[in-house]
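Worksheet: the structure to be examined is printed underneath.
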Amino acid sequence: MKFTLQHKDPATKARAGELTTDHGVIRTPIFMPVGTAATVKGIFHRDVRDEARAQIILANTYHLYMRPGMEIIEKAGGVHRFSTWEGPMLTDSGGFQVFSLAACRKLKEEGCHFRSHIDGSKHLFTPESVMDTERTIGADIMMAFDECPPGDAPREYAAKSLALTERWLERCFNRYHQTEPKYGHYQALFPIVQGCTYPDLRAHAAENVKQYDADGYAIGGLAVGEPTDVMYEMIEVVNAILPEERPRYLMGVGTPVNILEAIERGVDMFDCVMPTRNGRNGQLFTAEGVINIRNKKWEDDFSPIDPEGTAFVDTLYTKAYLHHLVTCGEMLAAQIASLHNIAFYLRLVGMAREHIAAGDFKPWKDAMVAKLTRRL
Ligand code: GUN
């Protein structure tokens, strides 16, 4: 997997690059829509690709392992063929989902015992089993199996948890190197830097992952309840240590402002449920600010949803119509809002990329941040 840095912003740590996978090229900085169960909720792949212009989507090992299960995915010939998404894909390892969804978790050296959130059945995820599962799913980028502690974890717990994540990482890489891709395309393995909000633990974690000479590196355990400025500080600490010539992925972040701030600090890849989840609740992100389309003020606003938007829904439908659909609980409302938001996130990182290339990222970003936080 090749990553080429093409532009470095003169005033900040922002970068623009190209990550080449066997399923296509990803131009960074990039946002990856979340497709937990191998579907970006409510949006046809065709629209994710052609309207939102997504270049890579994310799926979850935990969910696909539960349903439909690995036998079906393998029979289908891997997740690309199963879902018919032909572009690059990434799978999260289940580390985060086991801790946020599953019941009765028991953390042991060997792995994590838990009960399914669907039927209560008992399961064990180990670094080895998760690598095997991610091989069977067949995404272009697999994530290491980690523990993601809460944002306010005390130092002693954070240190113990990080040590466990580091031992699991070694086991992940051992298994990764002992196994082959099943479907003929290359699969990268990205380690995840943990360490909660403790700069020295974060620095230790960043130094530790470097030894694996991975195709890319992720920063996890952020946006889990800590203050935003602490999150930015952790990103700075970690990015000062991670190799410059590899992509950096900030997991599960965030708002449009969070993404621009992280790009400024040298992050290349992002994922977040916010555009789809908040879209389903009637929140629209635009370059002029945030719209709550449920608000009565939109009832008779016959202007387009987003006159500058690139997706067909942005200029085809009016705010009044979308307000009406949301009010009636129509499923088309969720579809329109999700597609709009995903397209907006992709447009935002695309603009960031252009301004990095043009050398004026910083003033553009500062002006954008001021607008993005407005409530319309
Ligand atoms: N998604 C958001 N944060 C995390 C994290 O810390 N670990 C994993 N595996 N996934 C995440």
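Counting starts at 1 for both ligands and their atoms, in listed order. As the structure is a prediction and not an experimental result, all values here were calculated from the model.
With a heavy-atom cut-off of 4.0 Å, Asp146 touches ligand 1 through its side chain alone. In Val224, neither the side chain nor the backbone holds a heavy atom less than 4.0 Å from any atom of ligand 1. Under 4.0 angstrom from ligand 1, there are no non-hydrogen atoms of Met143.
Under the 6.0 Å cut-off for aromatic ring centres, Tyr345 and Phe270 do not qualify, their centroids lying 6.0 Å or more apart. The aromatic ring centroids of Tyr217 and Phe190 lie 6.0 Å or more from each other. Residues Trp364 and His355 place their aromatic rings such that the two centres sit under 6.0 Å apart. Remark: aromatic rings of Phe312 and His340 are distant, center separation not under 6.0 Å. For Tyr212 and Phe173, the ring centers are positioned less than 6.0 Å apart.
Using 4.0 Å as the threshold, Gln194 has a heavy atom nearer than that to some atom of ligand 1.
The backbone N or O of Arg115 lies less than 3.5 Å from no partner atom in the side chain of His123, so there is not a single donor-acceptor pair.
Scanning all protein heavy atoms for the shortest distance to atom 4 (C) of ligand 1 gives Phe96 CD1, 3.5 Å. Of all protein heavy atoms, the one lying nearest to atom 10 (N) of ligand 1 is Asp92 OD2, 2.6 Å.
In terms of N/O distances under 3.5 Å, ligand 1 is approached by Gly221.
The distance from ligand 1 to the heavy atoms of Ser93 drops below 4.0 Å at these ligand atoms: 9 (N). Distances below 4.0 Å separate heavy atoms of Gly220 from the following atoms of ligand 1: 5 (C), 6 (O).
Relative orientation of the Phe125 and Tyr65 rings is perpendicular, given thresholds of 30° and 60° on the angle between their planes.
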